[in-house]
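To keep things clear, I will list the structure first and then write my remarks on it.
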There are 4 protein chains.
Amino acid sequence: MQTGNNTTGRKRASFIEQARREQVIRAAAETVAQVGYANASLSRIAEQAGISKSVISYHFAGKDELMVLVAQQFIDASAEFMFARVEAEPTATGQVSAWISGQVEYYAAHRTGFLAMISIITNHRSADGSNPFTGQLDEEVDEFARLLQRGQRDGEFRAFDPRSTAVIILRSTEALISAWVMDESLDLTDQMGTLLDFVHHAIRRENR
Amino acid sequence: MQTGNNTTGRKRASFIEQARREQVIRAAAETVAQVGYANASLSRIAEQAGISKSVISYHFAGKDELMVLVAQQFIDASAEFMFARVEAEPTATGQVSAWISGQVEYYAAHRTGFLAMISIITNHRSADGSNPFTGQLDEEVDEFARLLQRGQRDGEFRAFDPRSTAVIILRSTEALISAWVMDESLDLTDQMGTLLDFVHHAIRRENR
Amino acid sequence: MQTGNNTTGRKRASFIEQARREQVIRAAAETVAQVGYANASLSRIAEQAGISKSVISYHFAGKDELMVLVAQQFIDASAEFMFARVEAEPTATGQVSAWISGQVEYYAAHRTGFLAMISIITNHRSADGSNPFTGQLDEEVDEFARLLQRGQRDGEFRAFDPRSTAVIILRSTEALISAWVMDESLDLTDQMGTLLDFVHHAIRRENR
Amino acid sequence: MQTGNNTTGRKRASFIEQARREQVIRAAAETVAQVGYANASLSRIAEQAGISKSVISYHFAGKDELMVLVAQQFIDASAEFMFARVEAEPTATGQVSAWISGQVEYYAAHRTGFLAMISIITNHRSADGSNPFTGQLDEEVDEFARLLQRGQRDGEFRAFDPRSTAVIILRSTEALISAWVMDESLDLTDQMGTLLDFVHHAIRRENR
DNA sequence: AATGAATGAGTTTTCATTCAT
DNA sequence: TATGAATGAAAACTCATTCAT
């Protein structure tokens, strides 16, 4: 794979090439989930995938590209899943529930990817020392804040600061999954019920 | 001082010894906060402290001990600060507010330590691959859950699952600080007001 | 075409085969001229040629053969050009001028090839660690020394050691081109005039 | 060696530190002289010095610094030796001879260093792809050109372009040593005599 | 005739730790 | 008590080459 192994604008990636890339991405996610970002070396990832170290270098520009890809693919897939649910709901109240439950269900169904994504998002730095995901996370918060605002405008939600509330709700959702992920004996359905209940009590108009 | 430089059970640690250890711990916290757990090498920490690398190895059993100590000291100090506030409150409602605001205020006043603590807690693994902080975090949640239960028993809070609610509230608090820490232009007092408002709306008895 | 792709003794090398080989040789020369012998990897050469890396391995026994060929082709071509000029001159004096000016003009007209040749000649080692070009360079010097001797015999040149003088003149010529190649703002015609003048003053009989 | 291992501005380099650096520099020169710039890896240099690879990284910022140092030290030492001789001569004619013979003698007495220096100067590239020695080489040529000009002004030398003549003479000197270095059976004193004779015939005033 | 894929050997560099002083 | 020096292990990455297709 000499040319064009950049993420965007790939044309004519062979089937085998695509399969290998996905195999490596999967192995990388598993490794990061297992041993943490700091200990996820290319050696370990290669071992996890059952391939030689240099195969990774062959298919990816570098560790950087690989890590970003692992996180990005998961973020994109989970967003797609979640937005489909959100759009199906007519009211802001319903959309908030759909957002949270969509997120939770997708995360729960993809434990490894979720763990890897969290680890990468919080630890990865670009060559210049900056975090390449901050922009996206901000956008996610903005989007959710807009949803809350809509609910306020429509009289479904009470008055509160939409942006900091968005931060609170979204991080709470992640926190709940993190708790479950560490201790799978917890009943996730119950947990999510509690969260939805909690959130709706917090934001709905008082005199409903 | 080659042996027995463990944290607990130290007797007769000389003044100079203690001073050096604290200097190193401070430098380690600053380094982790700046470059992240994965990039915080002993070299960088020594450079930050303006001392030689081997000083660290001399005063600490290893990098492991140092990292754990950085996080532990911060956790202990913030807990002490916060519990003092909580104990001063008579009602569960007041204690919840005190817990949250105590946490927020301490974190906000110790930005570097907070960043380092979060980074270490989420990334550090013992030699056996386990996370040495899970136990403590669980205890913290349990303690807060007991507080919530007390509030339910006393009729201040409505019915909900105390433990998952505790997770939600505690992680929300951390999330709020994380957001502020990344963007110090936010008005922290406002943010905290929103959080307290949010939480109390979520847990208080309906017909108060 | 896995076997027998050595330079000499090829029979029935297809047209397409020959074209590919020359394309690769050109790309190799360009790469060496640009980034230097030490940094001229097959990857870079393939990239320069716009072909896949393995094409090179297919058409050449190895990097070794390719590098030798790049230099050899240039040496042969420049020698051919130069000797044609030399043979046209009747006197030793004229032949010395023709040799130098022929060399200079050919080098100047083939900047890339010249740079690559110099880089390869001075850096390339065979598998046994020896330099495969020393013999040829010696022969070149010998040939030029014979020309100088002829001039001495014919009374055109004064007495001096022909071989060391040959070394001096030939390397001076290369040095002049090297200087021009690094700084193309220099007036090459002027420079060459200086060199010819210099050489002839140095070797002609005193009482001419 | 944590801090201050930059080339310039070193203060208080310990004796052992300085000794190690010189040992490594010597080993690096030997290695480059033996196997050529392109094959002189840190592994080979360490092997040559009989030390572990990481000792080099400990004492030098990187391969780059080491290579530059090897060449620079040799250039500085040879220049010092040569200039002392040149300054002792009253006439331009004498200074030209002193320059050439000084150079030749120093190079001949330090064969390894000379070979390494030539190899590094012609091959080494800085991180940005530029050659860090071109400036110095230019200055050397300028300095020699000024000497030639002085000789012209004083009526010792005939008219010619000083700068291109300087290039010719200086590179001829190097070429002569290169030839001797490859074949030590040559009589260097004879060779040098030829060169001096050659040069003086080329530049002196006609009607002396 | 061509090449995508793979790989082991090798590159430079950083790491945490040990040890003599 | 402190540290300069040393080092083996491991890091990310590049290399020339092989091979199945």
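Model, not experiment: these values are computed from the prediction. Note on naming: letters A, B, ... go to the chains in the order of the sequence lines (proteins, then strands), and numbering restarts at 1 for each one.
For E/dA1, there is no paired base (Watson-Crick or G-U wobble, both distances below 3.5 Å). F/dA5 is paired with E/dT18 under the criterion used here, namely a Watson-Crick or G-U wobble arrangement in which both key atom distances are under 3.5 Å.
Residues D/Val68 and D/Phe133 meet the side-chain proximity criterion, which asks for heavy atoms closer than 4.5 Å.
Remark on DNA chain F: of its neighbouring residues C/Asp64 and A/Ser43, the 5'-side contact belongs to A/Ser43, judged by nearest-heavy-atom nucleotide. Ranked by how close their nearest DNA chain F nucleotide is to the 5' end, C/Gly62 and D/Ile51 are led by D/Ile51.
Listed nucleotides: F/dT3, F/dC13, F/dC15. Nearest to the side chain of B/Val55: F/dT3. Listed nucleotides E/dT17, F/dT7, E/dT3 differ in distance to C/Arg20; the shortest reach to its side chain belongs to E/dT3. Looking at the side chain of C/Ser41, the nearest of the listed nucleotides F/dA16, F/dA6, F/dT3 is F/dA16. Closest to the side chain of D/Lys53, out of F/dT17, E/dT7, F/dA10, is F/dA10.
At the heavy-atom level, D/Ile16 lies under 4.0 Å from the strands shown only through sugar-phosphate atoms. Counting non-hydrogen atoms under 4.0 angstrom, D/Ser54 reaches a base of the nucleic acid.
Here D/Leu69 contributes atom CG and D/Ile25 contributes atom CD1; the two are 4.5 Å apart, rounded to the nearest 0.5 Å. B/Gln34 contributes atom CD, which lies 10.5 Å from atom CG of B/Leu115 (distance to the nearest 0.5 angstrom).
When the side-chain nitrogen and oxygen atoms of C/His59 are compared with OP1 and OP2 of E/dA2, one or more of them lie within a distance under 4.0 Å. Residue B/Tyr58 places none of its side-chain N or O atoms closer than 4.0 Å to OP1 or OP2 of F/dA2. Residue C/Ser57 places none of its side-chain N or O atoms closer than 4.0 Å to OP1 or OP2 of F/dA16.
For A/Ser14 and E/dG4, a side-chain-to-base donor-acceptor distance below 3.5 Å is absent, hydrogens and geometry of angles not being considered.
Judged purely by distance below 3.5 Å, without hydrogens or angles, the side chains of C/Arg26 and C/Gln23 never pair a donor atom with an acceptor atom. Side-chain polar atoms of C/Gln72 and C/Gln136 form a donor-acceptor pair below 3.5 angstrom.
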